[in-house]
Amino acid sequence: MKFTSNKDIAKLLRSMSAAYAAKGEDYFKIIAYDKAADSVQHATSEAKDLWDDGKLDTIPGLGKNIQSYLDELFRTGKVKHFQEIKKNLPEGMFELLDIPGMGPKSAYKLAKLLKLRSIEDLKSKAKAGKIRTIEGFGEKSEKDILVSIARLKKRSNRYLLTDAFPVAQRVLEYLRSQKECERAEPLGSLRRMVATVGDIDIAVSSNNPQKIIDHFKKFRETQKILEAGSRTSSIVLKNGMQVDLMVQPPEAFGALLQHFTGSKNHNIHLRETALKKGLSLSEYGIRVKGKLQKFRTEAEFYKFLNLDWIEPELREDSGEIEAAINHKLPKLVSIEDIKGDIHLHSNFPIEPSHDLGANTFKDIITKAKNLNYEYIGFSDHSPSYSNHTKKQVVDLIKKRKEKIEQLKSSHKNIGILNLLEVDILANGELSIPEEGLKLLDGSIAGVHSSHHQDKRKMTQRILNACKSTYVNVVAHPTGRLLSERESYEVDWPAVFDACIINKKILEINAWPNRLDLPDVLVRDAIRAGIKLIINTDSHEISQMDNMRFGVAVARRGWATKDDIVNTLSWVEFRKLFRL
DNA sequence: GCCGTTTTCGGCCCGACTGTTTTCAGTCG
C-alpha cells in the first residue's frame with residue numbers, strides 16, 4: 001500500500017475535512033484540515049522525506065495531532081483514527097466531491113439517502129429524477145448536477161499559461177469594447193504567471209457594473225453562464241475554460257486588483273496579519289473601526305498596511321508578506337535584463353538524436369539582433385549515437401564547427417557560442433565522445449531517455465554529467481512535461497552541491513510545457529547559491545519570444561539579476577565557456 | 001485542529017451567488 005506522495009496526503013487530509021464537515025464537526029477543525037492539505041500540497045519537499053529526517057514540523061499547518069497521524073501513515077500505511085471517523089459515512093460520498101458545486105454536505109446527503117457508490121450512480125439517479133425527491137434539492141439542482149458531471153469529464157484540470165494567455169486577451173478586448181468599461185485586467189494565476197492556470201480571472205473597473213455583467217454574458221465564445229450577479233459573474237467558454245469576472249468602481253479598483261490577484265493563501269495570510277491591527281480587508285477596501293477606506297491603486301492598499309508593494313509573482317504566501325513588512329523584498333530579474341539565449345536549435349544537418357530546428361543559423365542571428373541580444377548559443381541536439389560511428393559523430397561536429405566559425409568572423413557585433421545539447425545517457429555517460437566535446441565552446445547536458453529510473457540512479461546520472469569538464473549547463477533539470485509527464489525524482493541537495501563544486505549552471509527552460517526548473521526549485525537552488533540561466537529551447541525563431549515565460553518562472557522563484565547568468569554582458573558571460 | 005511582538009486559551013478571512021427557501025445553508029474563490 002503506497003500512499004505517501006504529497007498529492008496523496010493532501011487528498012487524504014481533504015477527505016478528512018469533508019468527513020468532519022459531513023458530521024457537522026467544529027468549523028475550525030474542518031478548516032484546519034483544509035489548511036494542512038493545502039500546505040502539504042504546496043510544500044517544496046516531499047513530506048515523507050521530511051518525516052525520514054524528523055523534520056515534518058517544518059510544514060506549517062501540521063500540528064501535534066496531524067503530525068502523529070502522518071507518522072502512523074508512513075509507518076503502517078493507514079491511520080486508525082481516520083478510518084474510525086469515516087466508518088459511519090457512506091464511502092461513495094468522497095468521489096462525489098470532485099463534481100463542481102458539490103460540497104461535503106450535499107455529497108454526504110445524496111450518497112447516504114440514495115445509497116450511491118460512485119459518480120456513475122449519481123448520474124443515473126439524476127436521470128431517473130430521484131435527486132429532486134431529496135429535501136433541499138429541486139429540479140434545478142438535479143439538472144445542474146448532470147451538467148457538472150459532463151463538465152468534469154470533459155475539461156482538463158489546468159491549462160498551460162501560454163494557452164490561456166491568448167484566450168484572456170480576446171475576453172479583455174471584448175470587455176474593453178463596452179464603453180462603460182474603464183479598465184479590464186487579467187488577474188489570478190494568470191497575473192501571477194503560474195505555469196498552469198485553472199481558470200481565467202478578470203477584473204473590470206466601471207461605474208456601471210450591471211452593464212458590464214450583461215455585456216460579459218453575451219461574449220460570443222460563451223457556452224454556459226455559471227452565475228451572474230450584480231458585481232460578479234462566471235461563464236464557461238466553448239473550449240471548456242472558465243472565466244470569472246469581478247467589477248468595481250474606479251475608486252475601489254486597487255482593492256479589487258489585490259483581492260482577485262490572490263493567491264488565496266496570500267490573501268488569507270494578509271487578512272490575518274491585518275486583523276491583528278484591527279483592520280478588516282476585502283475586495284472593497286480596508287475597514288477601520290467599521291469605516292471603509294477605499295484605494296484606487298494596489299500600491300496604496302499595501303502601503304496602508306505598512307507593506308511594500310509585492311510583485312504578483314511572489315504572492316504565494318511563502319514569506320513575501322514578512323519580507324514586505326521588513327522591506328526585504330528582492331528586486332526581481334526582468335525581461336529587459338536578459339542579454340542572450342543559448343539553447344537554440346537550428347536546421348543544420350547534424351543528423352541528430354532528436355528534433356532538428358526549422359531555421360538557419362543566420363535566421364536565428366537576425367532574430368537575436370531584433371531582440372537586442374548581445375550573444376547567442378547554437379545548441380542543436382548531438383548526432384544520434386545509435387546509427388553513427390564515433391568517427392562519423394566527430395566529423396559532423398567538425399563540419400558544423402567550420403560553419404559556425406565562419407559566422408563568428410562575419411558577425412563581430414554579436415557573441416556566438418558553438419554548443420550542443422548533449423544527452424545524459426541511462427548509464428550516466430554523455431552521448432558524444434570526448435574528442436567531439438573538445439571541438440565545442442561548451443555544452444548543455446540533459447536527460448532525454450529512461451525517465452523512469454529510480455531516484456538514486458537518476459541522481460547519479462545527473463551527478464556524472466556535473467563532473468564532466470565539458471558540460472556547462474544542465475538542461476530542463478526535472479524532465480517534467482506539464483500535463484503529460486511528472487518530474488523524475490532527484491536528490492536535489494546532492495545535485496545542488498555538485499553544481500557548486502563543479503561550477504555548473506542549472507537551466508530554467510522556457511518551453512511552454514516544460515518551465516523547468518519549476519519555480520519552487522528555482523528558489524531552493526538560489527538559496528543553495530546556484531547560478532541559473534534562462535533559455536527558450538527554441539526550434540523555430542518565433543519561439544524565442546517565449547523568454548518572458550522563463551523570466552516569469554525565475555521571478556516566481558525570487559530570482560534577482562545576480563542569480564541569472566544570461567543577464568551578464570558578453571565580456572563576462574563568455575568567461576563561463578571554453579573560449 | 002492550529003497557533004502565539006497583546007494570547008498556551010480563545011481566537012480562527014471575507015464576501016458573493018444560487019437554489020430552495022420564507023430567512024438561510026451550501027459552495028466557491
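Chain naming here is simple, since letters A, B, ... match the order of the sequence lines and numbering starts at 1 in each.
- Within the structure, a side-chain polar atom (N or O) of A:Ser280 is placed less than 4.0 Å from OP1 or OP2 of B:dC14.
- Closest contact between the side chain of A:Arg231 and the listed nucleotides B:dG29, B:dA16, B:dC2 involves B:dA16.
- Contacts of A:Glu25 with the nucleic acid, taken as non-hydrogen atoms under 4.0 Å apart, are absent.
- Cation-pi contact between A:Lys109 and A:Phe137: absent, since separation from the ring centre below 6.0 Å together with deviation from the ring axis within 45° is not met.
- Across all strands shown, A:Ala274 has no heavy atoms under 4.0 Å from either base or sugar-phosphate atoms.
- Proximity of the aromatic rings of A:His259 and A:Tyr284 is defined here by a centroid distance below 6.0 angstrom, and this criterion is not met.
- The residue among A:Lys105 and A:Leu62 whose nearest nucleotide of DNA chain B is located toward the 5' end is A:Leu62.
- Using the six-membered ring where Trp is involved, A:Phe74 and A:Trp51 have ring planes that are tilted, between 30° and 60° apart.
- Counting any heavy atom pair closer than 4.0 Å across all strands shown, A:Lys276 reaches a base atom.
- To the nearest 0.5 Å, atoms CD (A:Glu142) and CG (A:Leu122) are separated by 9.5 Å.
- Atom CG of A:Leu270 is separated from atom C1' of B:dC14 by 12 Å (rounded to the nearest Å).
- Note on A:Tyr69: only backbone sugar-phosphate atoms sit closer than 4.0 angstrom, heavy atoms only; bases stay farther off.
- Contact annotation: A:Ser106 side-chain N/O to B:dT27 OP1/OP2 distance is under 4.0 Å.
- Nearer the 5' end of DNA chain B, as judged by each residue's closest nucleotide, is the contact made by A:Lys277, out of A:Lys277 and A:Phe137.
- Cation-pi geometry between A:Arg315 and A:Tyr302 is not met: the NZ or CZ atom fails to fall both under 6.0 Å from the ring centre and inside 45° of the normal.
- Here, B:dC28 and B:dT20 have their P atoms 16 Å apart, quoted to the whole Å.
- A gap of 15 Å separates the P atoms of B:dT27 and B:dT21, to the nearest Å.
- Distance from the side chain of A:Ile66 is smallest to B:dG1 among B:dG1, B:dC17, B:dG29.
- The side chain of A:Thr232 lies closest to B:dA16 when the candidates are B:dG29, B:dA16, B:dT20.
- Only the C1' atoms considered, B:dG15 is 28 Å distant from B:dT7, to the nearest whole Å.
- Contact annotation for A:Leu281: backbone-only contact, meaning every heavy-atom pair under 4.0 Å involves sugar-phosphate atoms and none involves a base.
- Distance, A:Tyr284 OH to B:dC13 P: 19 Å, rounded to whole Å.
- Distances shorter than 4.0 Å separate none of the side-chain N or O atoms of A:Tyr27 from OP1 or OP2 on B:dG1.
- You'll find that the side chain of A:Arg271 is closest to B:dC13, out of B:dT20, B:dG1, B:dC13.
- Here the nucleotide nearest the side chain of A:Pro104, chosen from B:dG1, B:dC12, B:dT27, is B:dT27.
- Minimum atom distance to the side chain of A:Tyr33 is reached by B:dG1, of the listed B:dC14, B:dG1, B:dC13.
- In this structure, A:Leu190 places its CG atom 16 Å from P of B:dG29, rounding to the nearest Å.
- Considering only side-chain atoms of A:His81, the nucleotide from B:dT18, B:dC14, B:dG1 that sits closest is B:dG1.
- Distance check on atom C1': B:dT23 versus B:dG19 gives 13 Å, rounded to whole Å.
- In this structure, A:Glu272 atom CD and B:dG10 atom P are separated by 19 Å, rounded to whole Å.
- The side chain of A:Lys140 lies closest to B:dG19, out of B:dG1, B:dG19, B:dG29.
- For the OP1/OP2 pair of B:dT20 and a distance below 4.0 Å, the side-chain nitrogens and oxygens of A:Ser141 include at least one atom meeting the criterion.
- Nearest to the side chain of A:Ala32, among B:dG1, B:dG19, B:dC13, sits B:dG1.
- One interatomic measurement links the two molecules: CG of A:Asp34 to C1' of B:dG29, which rounds to 13 Å at whole-angstrom precision.
- Between B:dC14 and A:Asn267, no contact under 4.0 Å exists linking OP1 or OP2 to a side-chain N or O.
- Taking every heavy atom of both residues into account, A:Cys181 and A:Arg176 meet most closely at SG-CA, 3.9 Å.
- Remark: the separation of the C1' atoms in B:dT6 and B:dG1 is 23 Å, to the nearest Å.
- In this structure, A:Ser230 reaches the sugar-phosphate backbone alone: every heavy-atom distance under 4.0 Å involves primed, P, OP1 or OP2 atoms, never a base.
- Here A:Glu320 does not pair with A:Arg192 in a salt bridge; the nearest charged N to carboxylate O distance is not below 4.0 Å.
- Whole-Å rounding puts the A:Leu96 CG to B:dT27 C1' distance at 15 Å.
- Among the atoms of the strands shown, only primed sugar atoms or phosphate atoms (P, OP1, OP2) are found under 4.0 Å from some heavy atom of A:Leu275.
- Judged by Watson-Crick or G-U wobble contacts below 3.5 Å, the nucleotide B:dG1 has B:dC12 as its partner.
- Donor-acceptor pairing under 3.5 Å is lacking for the side chains of A:Asp144 and A:Ser141.
- Nucleotide B:dC2 holds its P atom 12 Å from the CG atom of A:Asp57, rounded to whole Å.
- If you measure from atom CG of A:Asp26 to atom C1' of B:dG11, you get 11 Å, rounded to the nearest angstrom.
- If you check every strand for non-hydrogen atoms under 4.0 Å, A:Met246 touches nothing.
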